[in-house]
Structures are given as structure tokens and as C-alpha cells.
Number of protein chains: 4
Amino acid sequence: MTTWHDMLREKRQETILEAAAQIIARKGYQRATMKEIADAAGIAPGTIYLYFSDKEDLLLSIAEQLVALMPQEVPRAATPAETRRFVQSVLRQQLGLVAEYRPFFEAITAEMWTNETLRTNYLGRVITPILGIIESFLHKGIEAGRVRSLDPQIVSRAMVGTIFLFAMISDTSAEDYLRSPRVEQLIEELTDFFLYGLKQTPDTEVSPA
Amino acid sequence: MTTWHDMLREKRQETILEAAAQIIARKGYQRATMKEIADAAGIAPGTIYLYFSDKEDLLLSIAEQLVALMPQEVPRAATPAETRRFVQSVLRQQLGLVAEYRPFFEAITAEMWTNETLRTNYLGRVITPILGIIESFLHKGIEAGRVRSLDPQIVSRAMVGTIFLFAMISDTSAEDYLRSPRVEQLIEELTDFFLYGLKQTPDTEVSPA
Amino acid sequence: MTTWHDMLREKRQETILEAAAQIIARKGYQRATMKEIADAAGIAPGTIYLYFSDKEDLLLSIAEQLVALMPQEVPRAATPAETRRFVQSVLRQQLGLVAEYRPFFEAITAEMWTNETLRTNYLGRVITPILGIIESFLHKGIEAGRVRSLDPQIVSRAMVGTIFLFAMISDTSAEDYLRSPRVEQLIEELTDFFLYGLKQTPDTEVSPA
Amino acid sequence: MTTWHDMLREKRQETILEAAAQIIARKGYQRATMKEIADAAGIAPGTIYLYFSDKEDLLLSIAEQLVALMPQEVPRAATPAETRRFVQSVLRQQLGLVAEYRPFFEAITAEMWTNETLRTNYLGRVITPILGIIESFLHKGIEAGRVRSLDPQIVSRAMVGTIFLFAMISDTSAEDYLRSPRVEQLIEELTDFFLYGLKQTPDTEVSPA
DNA sequence: GATGAATGAGTGTTCATTCAT
DNA sequence: CATGAATGAACACTCATTCAT
């Protein structure tokens, strides 16, 4: 077994990937140079090619990392109270991931618009699964009468869109919603909004915790 | 008056800008070459420089176009029924703009993540005003007791995030939500979601049209 | 006779040539643009081509102007006193020409080093004639015993080199030797130097005017 | 110690600089292309940029080479006979330098007329020091009564102008005065001319060797 | 004749990638 | 394995020249 050897190799790969994500997130894929990435990783440019086939591979590997991170499950919700818990879980999980792996998300987000391969991968393997989890939950909720009869496809996208926007503005603007304890307030407000909407109705139960 | 001459010049500028937006939206700012843009506009590369100082100017001018498009006003809402109308107006207006000027939005969106100048301009002059309009509406609604006591900053961002996501996936995926009549259904569903949330409550009035 | 017409045409040619010399002298032939020259001449770029075949032609025409200016004669010197007058005449004539047509000289001087055609023309038709006049004078002077037995080719070049250097530094540096009354002092000193050299000898007659 | 490595690097730099001087001397700075220079140096265009920041740097480095070459001293002259030796030394030294590094001189000479930076550097660091040495010598000579009372500023410029002209025509024309043994004759004649001038005087001691 | 908008060939420079050490 | 010097294709931009008006 070259276990020891393999671990070293994997460690080095990770170092490079982190450096790449950092640089690409900041400057964009096109503007990031292999030299810069190598410098940030503390190695020579040529060495990158011993671990990745080319620059594009670096980008796709960053996306792959995100894919690997994505949770396959979210706590099921069976009772009405769990609808709230589900929404909170999704928000907390996703916003938490973004906060932790921000350079990776940013690197991919910035590039996906104009890179077919990347978009397919990212949307298909990162976004779509989340949408699927949410949609699936909504379906069951609607069937069980716990959720109003809304189009799950549309509502799931609205929720992901919200997460997406907060993820993005948190870094690019001064409004850092993802730094705790702000993130907890954010989750609370969004949950409330998603559950009960804008409208004041006489008997809506507001945030029953 | 060289009105005729000026119009010709403006027309040409527009042609170039449209071609540039098209190409940049598809390939990204960095990958788009001046030659390609010139070809798409049906002119020689050098001609672009008679109308724009450089490639960057082309990009900023695309952003400027978007800025110019942004509406300064949205119908005020005074009565409960108008809360619905306001949400619908915002959605219809924004989704409509995106649908019509999609290449412009896409070109800027793709580049803004890694371009400080552009981001400042775009966020500050296109996104922030919309957020402001929504926030202001929510404030008044809350004061008037028409809207539940939610954080306007957060809710406005959730709504814009939703719009943003539909705008983006509409072109890049097979799911074209913005082509009528689907867009009308989308607006209806989102309005409903935003107004009343997910939760089924015994006496929530659902979509009273 | 299109005399009137021809004069107009010639006048316009001259205007363009002066503008060209001005710009080219300042920025160099390569850096000078046809647009700049046209602007300086108060016409449109295209118009230049009605008077000159191309940019190179402009340069060669400037050289041609200098050729036309060159005097064919310099006062003969027969008596000893006239040796001084000859040297003074050459200096005054050449330095005067340079002072008056400086842009033309500068434009050509800057470009001749790297332009075969120009160099051939300029050296052959402007410099060589002057050298010839001086050489011829020296020959006769030597034969007549008025001038020491020096190599006329070499001495004539030394004199022209001196003129050349003063012509050039007069504009480029702060040392403007060509502005009167300094030029008169310059001529006087140079004449003295050329006639009697550096060396203090007991009975050398110094500047007997 | 990367001494060996450093030497290789320096050698490569020199090769590029020589190629650049060659090409620029022949075609002029503007007309010389980086591709041509690279070809002449036997490398790829991109490689030049590993040694020089840009084309301008190449030109300034050529000038810098000349600056480095300039002698700081010339033999002092104390006795009358040494006046002759001083003049000869200056001529021999300067003409020798030019002959050896002609491409460097030509490249700079051709460009300096229209390049402010270059002119300042070249005149200030190459020409002015020589003028200073000559002027200083003349001053002392005049004080000591060995040299006639001439304006040192003017005479030094006349001498440098002479050197300048021979340097230039030697390559550009068919008259190659700088190839030995002609250069020795040139030095002899010029020394004689500078020391005693044109005028035949009854008792001037001619070239006492 | 005069114009100046349009052209498109030409060039400096960057940077992903290779490969001799 | 790691290096980093060398490569050369690619691209933004300039400007002499043309020609429809």
C-alpha cells in the first residue's frame, strides 16, 4: 500500500485546490494566473500539472469539492412543527456551507454563467439536489395538508434564490449577514417569512418558536 | 443641427452594444474577443474604438444601459388589496425587464463577481434602488399594520434573490420561466408565496385574486 | 492658366508641410499621426492625401524643402582676412538656417538614422554640398598658403559636426545658443577656435577682427 | 550561491541586448519589432519579457550600457606636450568606444531626438560628463596659460560635435573613418586641427609630435 | 475638392503549458 | 518528483489609408 504516499499526494492536491479557489474567487477564473495560484500554494507552476491536467481541471475540481460537500439529506418533517424545523435546517445547512467554503462557492458562482461544462455540473450536482430535497418535502407537505398548495418547483427556487443572494452579497458588500450571530437572526427572519409570508392576518400564529 | 448624423451614431452605438452584450453574455467578458463582437455587429474591429474607448468601456456601457432602464417608481399600495398589487408589480416589472434585456443582464451578472468597479456600479445603481423601493414599501406596510413585522432589509433581499435566480436559470437551463404565459403563472405563484408563506393555516385567504 | 488655382494649392501644401514638420520634429516620424498633422494644419486627414501620396512622401518633402533652402554659394575668400569671413559666413548661414527652419531640420535629423532613402537624400543633397563648399575653400586656401596643410575632408566634417551639435542641443536642452545675441558670440568663439586652435603660442594673433 | 545560474542569466540578457541594439540601430526603435529582436537573439518573443519589462526597458537598458561604458577619467595634462596628449586621448577613447559599441550608440542616437526620457538620460549621463571633463581641462589650461582664452563650454561642444559626426557618418556612409588604420590618421588630423586651427601663421609650430 | 467614418493589417504583451535539469 | 525558464499562440488596440457623401 502506498497509503502514506497517497495521503501526501491528496494533501498536496487539497492545498492547491484551496489556493486556486482563493485566487479564482478573488480575481475570477480568467484573471487568475497559474503562477499566482502556485505562489499561493507555495509551489512551482509546473507542479500544478502533476496534480491537475490543466487550468480548467482546477476549476472543475473546485466544483467537484462542492459537490462532495452537499448533504444528501435534510431532517424529515412529519409534524407541523417540523415544517419550521425543515426550513430552518435547509437555511442553516446551506448558509453554513457557504460561509465555510466561501472561496469555493464564489469561484464557481462567478464562472458558471459563461462556462457550459461548469454550469451543467454545478447546477446539476449541487443546486438541483437541493431543489429536489425541498421540492420533495413540499410535495409531501402539500399532500399531508401541512403546506399550502403552491407549485413546489417555483417555491423551491425562490428559497434557493434567497440563499444564493445572501451568500453572494455577504462577501461582496459590507453587509455580512453570514457572520454569527447575525446569521441566526437571518435564519429566523427568513423562516418566518417563508412560513407565513408578508401579510398580516388576524389569526396567523407568528413565530411560535 | 446634426440630428440625423447624431442619430446614426447613436444607432451604431446601440448595435455594437447589443452585439457586445450578446457575445459577452454567452462567453463571458474575458473570453469575448473584440473581433467576435465586431463580427456580430457587422463591422470591423477598429470601428468599435470609434464608439467606445476600450473593452472595459464596452462592459461599463452595458451596465450603464441597465442603470438607465431601472424604474424609479413602483405603484404605491394603500389598501390591503394593493399589497398584492405591489408585489405583483415588482415581480412583473423586474422579470419583464430581465426577459427583454436578458443579454445585458447576463453579461453584467457574469462579470460582476470579480470586477470591483462593475459590482459597485451594478449593485449600487441597479440592485440597491430596487431593494430601497421594496424596503420602503414594507416599512410603511408594517407601520400601517398591513404587513407583518418582518425585517424589511432581509425580506427585500429574499424577494430580489428570487427574481435574480429565476432570471438566471431562465436562460441557462431548459426551464424558461420567463416566456409568457409561464411568466404570468410564475408571478401568481410567487406573489402567493410571498404574501402568505408556506404554511397552511385554517383561515388564510388564498389568492383572492 | 490656373495660376491662381496653383498658388492656392501650393499654399495648402506648405501649410501641411509646416504642420507635419512641427509634429514630426516633436514626436518623431513614427509617433506622429496623420490625424495630428491634419489637426495642426486645420484640415481633415483625408485631405493630406490630395497633396501627398502617403506619410513617407510627407517626410521626403520636408527633406526636399531643406534641400531647396541650401545655399549653393558662400563668399569666396581671397585674402587672409577673408578666411575669417568665410568661416563666419558658413557658421552664420548654417546656424541661421537651422534656427529659422528648426522643425524641418529636427524632423529630418531624428529620422535619417534609420531611413535609408531619407539619409541618402539628406546627406547627399544637404550635407555633402556644404562639405563640398568647405572642402573646396580649404583646398584653395592650402594651395594659396593661407591655410595650413590639413586634410580638407576631415576638417570640413569637424566644422559641420560642430554646427550639427549646436543645432541639436539648442532646442533639446536649456542651452539655447541660437537665440541672438548669443548666436553672435557663438560664431565669434567658434571662428576663433577654428582659425587658431586651442594652443597658446607666443605670437598667435588673436581675433584681429 | 547561484553564481553559475546568475551568470547564465546575465549572459542571456547581454545576448538580447545586443540583438536589440543591432535591430534598433538598423530599423529604429519604433520599426523594430519584438519578434525581430527575439529572432535575432535566437529566442522566442515571450522570453524577452523574462529579462526586460517591456520594449522601452530594452531601449533604456541599451542606454544604460552606454552610461556604464563611459570613462570617468582622462589623463591629466600638466605640460604643454600633454595638451596634445589630452586631446588625443579624448578622441581615441571616444572614437574607440563608438567603434566597438556602434549598434548601441546608433540605437540611442536615432531615438534620442524624440524621446524625452532617453534624451535626458543619454545627454545627462553620457554626453555631459565628457563635456565636463573637457571643459575642466580647458579651464585649467587657460588658467595655466597653456590654452588660449576660449569659452570652454563652446569649444568642448565643438569637439564633441566633431566626434559625434564622425561616429555617425562612419557607419551610415561609405566613409568609414573608424576602421583602423584610418582612425589613427583621423585622430592625428583632428588633434592638429584642434590645437592649431586652420590658419597658417609664420611661426606656428606644426605637429611637434 | 474636402471630409471623416470605416477599415483591417500589424504589434506589444500575457500566460497556460512543456520539459530539460 | 519538483522546478521554473522557455515557449508561442492569442488578443486588445492603433493608425495609415480609402472612399462614399
Side-chain angles (χ1 to χ4, degrees), chain A residues 5 8-9 12 16 29-39 41-58, chain B residues 2 4-5 8-9 12 16 29-39 41-58, chain C residues 5 8-9 12 16 29-39 41-58, chain D residues 2 4-5 8-9 12 16 29-39 41-58:
Chain A
H5 183 265
L8 214 69
R9 187 176 169 81
R12 176 75 53 117
I16 296 173
Y29 173 71
Q30 297 284 342
R31 271 183 276 264
T33 71
M34 295 301 265
K35 170 118 180 44
E36 269 176 315
I37 292 170
D39 285 351
I43 56 171
T47 307
I48 297 179
Y49 290 85
L50 298 176
Y51 295 89
F52 300 91
S53 66
D54 55 18
K55 199 184 178 187
E56 177 94 18
D57 185 29
L58 219 42
Chain B
T2 35
W4 176 74
H5 181 265
L8 212 71
R9 186 176 171 78
R12 183 65 73 109
I16 296 173
Y29 174 70
Q30 299 282 344
R31 268 185 277 264
T33 71
M34 295 302 266
K35 171 101 178 53
E36 269 176 316
I37 293 170
D39 286 349
I43 56 172
T47 306
I48 298 178
Y49 293 87
L50 297 177
Y51 295 88
F52 300 92
S53 64
D54 53 20
K55 201 184 178 188
E56 174 99 18
D57 186 27
L58 219 42
Chain C
H5 183 263
L8 213 68
R9 185 175 171 81
R12 175 76 54 116
I16 296 173
Y29 174 70
Q30 297 284 343
R31 271 184 275 264
T33 70
M34 295 301 265
K35 169 119 180 44
E36 268 175 316
I37 293 170
D39 285 350
I43 57 171
T47 307
I48 297 178
Y49 291 84
L50 299 175
Y51 295 89
F52 300 92
S53 66
D54 54 19
K55 199 183 178 188
E56 177 96 17
D57 186 28
L58 219 42
Chain D
T2 35
W4 176 75
H5 181 264
L8 212 70
R9 186 177 170 78
R12 182 65 73 110
I16 295 173
Y29 174 69
Q30 300 281 344
R31 268 184 279 263
T33 70
M34 295 302 267
K35 171 100 178 53
E36 268 177 316
I37 292 170
D39 285 350
I43 56 172
T47 306
I48 298 177
Y49 291 87
L50 297 177
Y51 295 89
F52 300 93
S53 65
D54 53 20
K55 200 184 179 189
E56 175 98 17
D57 185 28
L58 219 42

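Just so we're on the same page: letters track the sequence lines, and every chain starts at 1. Computation of the quantities below employed the complete heavy-atom set of this structure, encompassing side-chain atoms and omitting hydrogens, waters and symmetry-equivalent molecules.
Residue-level contact check: B:F52 touches neither bases nor backbone, having no heavy atom under 4.0 Å from any strand. Using a 4.0 Å heavy-atom cutoff across all strands shown, C:R9 reaches sugar-phosphate atoms only and no base atom. Among the protein residues, A:I43 comes within range of the sugar-phosphate backbone only, with heavy atoms under 4.0 Å from sugar or phosphate atoms but none that close to a base.
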Self-check item: Verdict with reasoning, A:Q30 to B:Y29, per side chain to side chain contact (heavy atoms under 4.5 Å, CB included)
Solution: CA-CA 9 Å; A:Q30 297 284 342; B:Y29 174 70; over 6 Å; no
Quiz prompt | side chain to side chain contact (heavy atoms under 4.5 Å, CB included) assessment of B:L50 paired with B:R12 | solution = CA-CA 10 Å; B:L50 297 177; B:R12 183 65 73 109; over 6 Å; no
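Shown here are the side-chain hydrogen bond (donor to acceptor under 3.5 Å, both in side chains) partners of D:E56, two or more places apart in sequence or in another chain: there are none.
Both B:Y51 and C:G42 lie close to DNA chain E; mapped to their nearest nucleotides by heavy-atom distance, the more 5′-ward contact belongs to C:G42.
Here the straight-line distance linking atom OH of A:Y49 with atom CG of A:D57 works out to 10.5 Å at 0.5 Å rounding.
What separates CD1 of D:I48 from C1' of F:dA5 is a distance of 15 Å, to the nearest Å. Taking atom CD of residue C:E36 and atom P of nucleotide E:dG4, one finds them 17 Å apart after rounding to whole Å. One atom, CD1 of C:I16, and another, P of E:dG1, lie 11 Å apart when rounded to the nearest Å. Distance CG (B:L50) to P (E:dG8): 13 Å, rounded to an integer number of Å.
Relative to the side chain of A:R12, the nucleotides E:dG1, E:dT7, F:dT3 differ in distance, and F:dT3 lies closest.
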For residues 31-38 of chain B, which side-chain donor-acceptor pairs fall under 3.5 Å, sequence neighbours excluded?
unit_1 : atom_1 : unit_2 : atom_2 : d
B:R31  : NE     : B:K27  : O      : 3.2
B:R31  : NH2    : A:E111 : OE2    : 2.2
B:T33  : OG1    : B:E36  : N      : 3.1
B:T33  : OG1    : B:E36  : OE1    : 3.4
B:K35  : NZ     : B:D39  : OD1    : 3.2
B:K35  : NZ     : B:D39  : OD2    : 2.9
B:E36  : OE1    : B:T33  : N      : 2.9
B:E36  : OE2    : B:K27  : NZ     : 2.7

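DNA chain F forms stems at E:2-21 with F:2-21, each a run of 3 or more consecutive Watson-Crick or G-U wobble pairs whose two key distances fall under 3.5 Å.
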Please write out each protein N/O paired with an N/O of nucleotides 13-17 of chain F under 3.5 Å, distance rounded to 0.1 Å.
unit_1 : atom_1 : unit_2 : atom_2 : d
F:dC13 : OP2    : B:Y49  : OH     : 3.0
F:dC13 : OP2    : B:K55  : N      : 2.9
F:dA16 : OP1    : C:A32  : O      : 3.4
F:dA16 : OP1    : C:K55  : NZ     : 3.0
F:dA16 : OP2    : C:M34  : N      : 2.7
F:dT17 : OP2    : C:Y49  : OH     : 3.0
F:dT17 : OP2    : C:K55  : N      : 3.0

